[in-house]
Amino acid sequence: MEQLKIPEHVAIILDGNGRWAKAHNLPRKMGHAEGCKTVERTVEDAARLRIKYLTVYGFSTENWKRSEEEVGALMQLFRYYMKRLLKIAKVNNVRVKMIGERSRFAPDIVEGINCLEEETKENTGLTFVIAVNYGSRDEIRRAVQRIAAEVADGTIDPQSITEEVIANHLDTAGIPDPDLLIRTSGEIRLSNYLLWQCAYTEIYITDIYWPDFNKEELVKAIENYNKRDRRFGGRNQK
Ligand code: IPE
Ligand code: IPE
Ligand code: MG
């Protein structure tokens, strides 16, 4: 078989934890717990496949609207898995970065996120980006606020606001745009994920529920990506 071309940046919308739980007659939170294990395994798989950036959508700005019980369960899982992630990141030379607005979380969670970023910042392998309390529109809103403040204080002239300036004010500043976006559980929508960054991303949808996602599925998505004729505005990508 020809050598697989590994995409530099893979973004994932993990979906289907609830449906997985229902299919197994379990409470939704058990689906989320299984989903967290899949995130852990996927970080290791991505690191071994030499993917440079993996961005996973863990909790959206809209997910706060779920029941108090479900949001509470997700926060507890987050607390637990952040600690495990620190160990996994150390063993696998993974740098962790969070995108989204972290101040809405409880102080101990914010501290955990800051610590994860700080303690892994020198790692040179995979960059694992976790999107929590993330919504693309909110990210763009915050970027616009910062740019407007710079215009107001005279550090930037409105005529010099290029696409690059906008990209540099997003949470993903410094991270290349995703090459491949995977969504599990069959839904064919972006759900407010990386709207700016996915302008030319190849999209792969699988019916598999997130807790059942594994390395084989990841490789299948990459194989499918390898068959794509990537184009930007009608020209093949260099
Ligand atoms: C994804 O699974 C996890 C989060 C969005 C936090 P869901 O909880 O959305 O699972 P379904 O879509 O109800 O099956
Ligand atoms: C997308 O899943 C958000 C995350 C994976 C965190 P949702 O289940 O919240 O999305 P919708 O509601 O089906 O669009
Ligand atoms: Mg869902």
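Hydrogens, waters and symmetry mates play no part in the numbers below; they use all other heavy atoms, side chains included. Note that this is a predicted model, so its numbers are computed, not measured. Whatever order the structure lists them in is the order used to number ligands and atoms, beginning at 1.
- Per-residue contacts place L14 under 4.0 angstrom from the following atoms of ligand 1 (heavy atoms of the residue considered): 1 (C), 3 (C).
- Using modelled atom types and a 3.5 Å distance limit, the side chains of S191 and R183 yield a donor-acceptor pair.
- Of all the heavy atoms of R28, the ones lying under 4.0 Å from any atom of ligand 1 belong exclusively to the side chain.
- At least one heavy atom of R189 sits less than 4.0 Å from an atom of ligand 2.
- Taking all atoms of both residues into account, the shortest heavy-atom contact from E187 to I205 is O-CD1, 3.5 Å.
- L85 and V96 make their closest contact through CD2-CG1, 4.3 Å (heavy atoms, listed as atom of the first residue, atom of the second, distance).
- Counting atoms of ligand 2 from 1 in the listed order, those under 4.0 Å from a heavy atom of D15 are 2 (O), 8 (O).
- Applying the 4.0 Å criterion to heavy atoms of F59 picks out, from ligand 2, the atoms 6 (C).
- Using a non-hydrogen distance threshold of 4.0 Å, G16 registers as a contact of ligand 1.
- The pair D45-R41 fails the salt-bridge criterion, with no side-chain N (NZ, NE, NH1 or NH2) lying under 4.0 Å from an Asp/Glu carboxylate O.
- The heavy-atom pair separating Y209 from A23 by the smallest distance is CE1-CB, 4.4 Å.
- Distances shorter than 4.0 angstrom occur between a heavy atom of R183 and an atom of ligand 2.
- Ring planes of Y200 and F232: tilted class, angle from 30 to 60°.
- Close N/O approach between N17 and ligand 1 is found [any backbone or side-chain N/O within under 3.5 Å].
- Aromatic rings of W64 and F105 (six-membered ring for Trp) have centroids within the 6.0 Å cut-off, being under it.
- Residue D15 approaches the Mg ion (ligand 3) most closely through its N/O/S atom OD1.
- With a 4.0 Å heavy-atom cut-off, ligand 1 is reached by the side chain of H32 but not by its N, CA, C or O.
- When S191, G18, G35, G58 are ranked by how near their heavy atoms come to atom 11 (P) of ligand 2, first place goes to S191.
- Residue-ligand proximity, S60 to ligand 2, at heavy-atom distances under 4.0 Å covers atoms 6 (C).
- A salt bridge does not link E40 to K87: none of the charged side-chain nitrogens sits closer than 4.0 Å to a carboxylate oxygen.
- Residue-level proximity to ligand 1 for N63 is carried by the side chain, the only part with a heavy atom below 4.0 angstrom.
- E150 and Q145 form no side-chain donor-acceptor contact under 3.5 Å, judged by distance and modelled atom types alone.
- Residue contacts with ligand 2 include R66, since one or more of its heavy atoms lies under 4.0 Å from the ligand.
- Judged by distance alone, the side chains of E34 and N17 never bring a donor and an acceptor atom under 3.5 Å apart.
- With a 4.0 Å cut-off on non-hydrogen atoms, Y193 does not touch ligand 2 at all.
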